[in-house]
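Written below as structure tokens is the structure these notes are about.
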Amino acid sequence: MSKIIIANYKMNLRLEDYKNILNKVNKKEFKDTNLVLCPPFVYVPYFAKVKKFFKLGCQDISAYKNGKYTGQVSADMLRDFGVEYVLIGHSERRGFETNEEINLKVKSALERGIVPIICVGEQVKNEAVNIVLNQVKSALKGIKEGNIIIAYEPVWSISPGELPTVNYIDKKINSIRNCLQKLGFDCPVLYGGSVDDTNIAELSKSNTDGFLCGGISLKADKFVSLLRGINE
Ligand code: PGA
């Protein structure tokens, strides 16, 4: 399977900037690339309208079906716009959501056929791998099956951060895969944190199934170089 590339735009840029990015990225050249773009909620309808050669994701989902949850967006609403993937448990959100909410969000996505991209990672370099494995286990608590993706993102590597060695990434990803196997899941495990067009060749030597990209996805030309590098 070709590597999965996910762009997490976070809360950056404006509509005009996204038009420029999509002029370069929403191209036939990338039709065989497993590319998932995750814009802020308000730009989801625009991405949905122009989508041709990428898949649509978003950056969060409500844990609940509907009701008195001001400001939240449900799985059904996202489905209305063809959202197929959702980032859940990103380290920038873990500060204000609990493991239980993350688990409910994963369930909410799966129930509506949206693939949860569950983000896990230790805060500090060389921290015990159990911290990461516990994040995986609690996100999947009570879930027996379903299409999921795990994104291993050591928090200390998120830009501007330090790039882990391939060996470091391999060890963590192997532990995550063993853990997933015990839980009955056989799913892609991605790496994220300071990925860019200059280190993608080196990072591709690791045993990851793809990459979660933040900062580099905001720079259209560099992101295009990264996508071309992946396809080589
Ligand atoms: P980065 O962000 O690529 O800018 O390090 C990755 C992420 O936070 O998902």
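Each residue takes its place number in the sequence, starting with 1. Whatever order the structure lists ligands and atoms in, that order sets their numbers, starting from 1. We use all heavy atoms of the structure for the numbers below, so side chains are in, but hydrogens, waters and symmetry mates are not.
- In this structure, E100 places its CD atom where only 12 or fewer heavy-atom neighbours from other residues, nucleotides or ligands lie under 6.0 Å away.
- Of the protein's non-hydrogen atoms, the one nearest atom 6 (C) of ligand 1 is E153 OE2, 3.4 Å.
- Aromatic ring centres of Y18 and Y9 lie closer together than 6.0 Å.
- Atoms of ligand 1 found under 4.0 Å from any heavy atom of H90 (numbered from 1 in listed order, with element): 7 (C), 8 (O), 9 (O).
- For ligand 1, the atoms sitting less than 4.0 Å from at least one non-hydrogen atom of S194 are 1 (P), 3 (O), 5 (O), numbered in the order shown with element in parentheses.
- Near G214, meaning under 4.0 Å from any of its heavy atoms, are these atoms of ligand 1: 1 (P), 2 (O), 3 (O), 4 (O), 6 (C).
- For ligand 1, the atoms closer than 4.0 angstrom to any heavy atom of S159 are 1 (P), 4 (O), 5 (O).
- Interface atoms of ligand 1 facing N8, defined by a heavy-atom separation under 4.0 Å, are 9 (O).
- Using a 4.5 Å heavy-atom threshold, the side chains of K10 and L218 count as separate.
- Atoms of ligand 1 lying under 4.0 Å from at least one heavy atom of L212, given by number and element, are 9 (O).
- Atoms of ligand 1 lying under 4.0 Å from at least one heavy atom of G193, given by number and element, are 5 (O).
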Kindly indicate, with the supporting measurements, whether the criterion side-chain hydrogen bond (donor to acceptor under 3.5 Å, both in side chains) is fulfilled by N207 and N174.
CA-CA 8 Å; N207 62 3; N174 285 341; 2.6 Å; yes
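- Between the side chains of E127 and W156, no donor N or O sits under 3.5 Å from an acceptor N or O.
- With a 4.5 Å cut-off on side-chain heavy atoms, E29 and L227 do not count as touching.
- Between K222 and D196 there is no salt bridge, since no side-chain N of the basic residue sits under 4.0 Å from a carboxylate O of the acidic one.
- The atoms of ligand 1 that sit less than 4.0 Å from any heavy atom of G215 are 1 (P), 3 (O), 4 (O).
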